[in-house]
Amino acid sequence: MKLLLTLAVFLFWLPTLSAQSVSVSFGGGQGAISNNQIALKSGTATVQASGITVNETRVNSPVSWSVSPDGSKLGIMKTNGGISYTLLDHNGNRIAESALEFFNMGDESIAVYQFNDGRAVTRDNIANFTFFDAGGSVLYSVSNSSQSSGGEQISQLSADPSGKTIVLYNPVISYGARTGSRAQLVLGNNNVREFFRSDSRKIEHVHVTNDGLFISVLVAGGGEDRVYVYDRFGNELHQMGIDSERTGVTLSGNGEYLTAYGAGRVQVFNIATGESVGSSSSRTTILYGEYIPRDDIILAFGGDVSGSTISDASIVAVHVGQRQIARSDLSVSPSITKNDSFYLNRLSSGRYRLSGLNQDLVIRASF
């Protein structure tokens, strides 16, 4: 009888001894889709060089496209004797179509950034941006030119999924023998605020938190890589040095924690103290990482990128307090969407949704 009781107790506790695991499924209950397809809120869009198709709607000759982070809208810039902007919903219904002036059809810097509510921003050339309302009408334009005589790289845009906080930045500005950069907030028509400028560092990455409340700027050069943290109005809150070879940063916990990732490593810091919270390594390049303080878990997505395809893709989950790690290799090779911004949302305890690929990943971590 004593032996049976001991065995029963052992069997009761056995599942908890090897409980750490991470599993990945596809958002919306869909199966895997091909790399020329983009998962929408319902159904998919098929993307080809000759056209983009959603249900029975086809838009020919696309030069740039963008799916809103929630998959409900699809913005497309196309050629039709000139350049025009088309807005579709996830069922393929045309919401708006606007002819755009002063565009060079051969300009490879043309891009569109689509937000959840239907608003959009187009990059008209290397430094000019046009803002649209949810009905597809032009609101205003903003120039992000640094006016440097030495030239500059193509301006970039970073924003939260709802487009509440929008940052335009020059990753590299040439000042003769020196290389600098700058970033500014778009507050409205003819209302921009420069909040970061350097004459000796280039911007590697800009991240706006999902709620639009905080901005992080990762810069390299000048002998040390640094991260600057700002509120949504561009007021500097913190700055700190980090290891080189980090290609991106994210903020979490109401701006309390910073996750730096790149190469094969992810690190988490308490911003106020600068102390390390936890870290992990991966055999593949880490493309995105974030710390979820409510669950004390670090999530990292990695793989080997070739063009827009990610091979050997995997998710790594680390429970910081329990010092446990779990890994899941994806059975497919997902692709990065046109404007490669990742967004991680916590659905519930141990359950998360990663957007920014051609198909959302639903991640379940158990420790």
Side-chain angles (χ1 to χ4, degrees), residues 20-47 65-74 90 114 116 160-161 207 209-210 247-252 259 261-262 264 266 268 280 282-292 294-319 324-367:
Q20 67 265 29
S21 67
V22 59
S23 62
V24 182
S25 58
F26 300 107
Q30 296 177 327
I33 59 177
S34 63
N35 280 357
N36 71 329
Q37 291 181 306
I38 307 295
L40 302 177
K41 189 174 181 179
S42 62
T44 59
T46 300
V47 179
W65 54 268
S66 172
V67 177
S68 62
D70 66 359
S72 65
K73 307 289 191 305
L74 174 60
H90 57 92
Q114 190 65 55
N116 292 340
D160 60 281
H207 175 256
T209 55
N210 283 1
T247 57
V249 290
T250 56
L251 297 170
S252 55
T259 303
Y261 58 88
V266 58
V268 180
S280 182
S282 173
R283 60 179 175 81
T284 58
T285 300
I286 294 178
L287 305 174
Y288 184 84
E290 186 169 335
Y291 174 58
I292 303 93
R294 289 181 64 182
D295 301 328
D296 201 19
I297 287 176
I298 305 170
L299 286 179
F301 169 69
D304 298 320
V305 180
S306 177
S308 63
T309 302
I310 305 171
S311 59
D312 294 325
S314 65
I315 294 288
V316 173
V318 180
H319 194 290
Q324 293 181 330
I325 184 169
R327 174 192 175 98
S328 178
D329 295 324
L330 273 64
S331 59
V332 298
S333 297
S335 61
I336 301 174
T337 54
K338 203 72 172 180
N339 297 317
D340 50 338
S341 296
F342 292 102
Y343 303 97
L344 184 71
N345 288 293
R346 182 182 185 271
L347 304 177
S348 59
S349 177
R351 189 167 175 264
Y352 318 94
R353 190 182 191 108
L354 180 66
S355 305
L357 300 165
N358 65 321
Q359 193 168 14
D360 285 1
L361 302 181
V362 176
I363 303 163
R364 292 175 174 83
S366 177
F367 291 93

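If you're wondering where the values come from, they're calculated on a predicted model, not measured in any experiment. All heavy atoms count here, side chains included; hydrogens, waters and symmetry mates do not.
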Do you know which two heavy atoms are closest between [X] and [Y], and how far apart they sit?
X: N358; Y: S34; answer: ND2-O, 3.3 Å
X: I325; Y: S280; answer: CD1-OG, 3.5 Å
X: L74; Y: A45; answer: CD2-CB, 4.2 Å
X: P69; Y: Y343; answer: CG-CE1, 3.7 Å
X: D295; Y: S349; answer: OD1-OG, 3.7 Å
X: S333; Y: T309; answer: CB-CG2, 3.9 Å

### Query
Please walk me through it: do L357 and I310 pass side-chain contact (heavy atoms from CB on, under 4.5 Å)?
CA-CA 10 Å; L357 300 165; I310 305 171; 3.7 Å; yes

Roughly how far apart are [X] [atom1] and [Y] [atom2], rounded to 0.5 Å?
X: R353; Y: L347; atom1: CZ; atom2: CG; result: 7.0 Å
X: L40; Y: D70; atom1: CG; atom2: CG; result: 10.0 Å
X: S282; Y: Y261; atom1: OG; atom2: OH; result: 14.0 Å
X: I286; Y: T247; atom1: CD1; atom2: OG1; result: 9.0 Å
X: Q114; Y: T337; atom1: CD; atom2: OG1; result: 12.5 Å
X: L354; Y: I315; atom1: CG; atom2: CD1; result: 6.0 Å

Has the side chain of [X] got a donor or acceptor atom that lies under 3.5 Å from a matching backbone atom of [Y]?
X: S252; Y: Y291; value: yes
X: T259; Y: G289; value: no
X: N116; Y: S68; value: no
X: Q324; Y: F367; value: no

Side-chain donor-acceptor pair under 3.5 Å between [X] and [Y], yes or no?
X: D312; Y: T284; answer: no
X: H90; Y: S42; answer: yes
X: R364; Y: S25; answer: yes

State, yes or no, whether a side-chain contact exists between [X] and [Y] at a heavy-atom distance under 4.5 Å.
X: V318; Y: V266; value: no
X: E290; Y: L299; value: no
X: F26; Y: I33; value: no
X: T250; Y: L344; value: no
X: Q20; Y: H319; value: no

### Candidate pair V47 and I38, rule side-chain contact (heavy atoms from CB on, under 4.5 Å), full reasoning
CA-CA 7 Å; V47 179; I38 307 295; 3.9 Å; yes

### Task
Just do the side-chain contact (heavy atoms from CB on, under 4.5 Å) check on Y352 and I297 with the steps written out, would you?
CA-CA 11 Å; Y352 318 94; I297 287 176; 3.6 Å; yes

### Task
Kindly determine whether S23 and S328 satisfy side-chain contact (heavy atoms from CB on, under 4.5 Å), including the steps that lead there.
CA-CA 6 Å; S23 62; S328 178; 5.5 Å; no

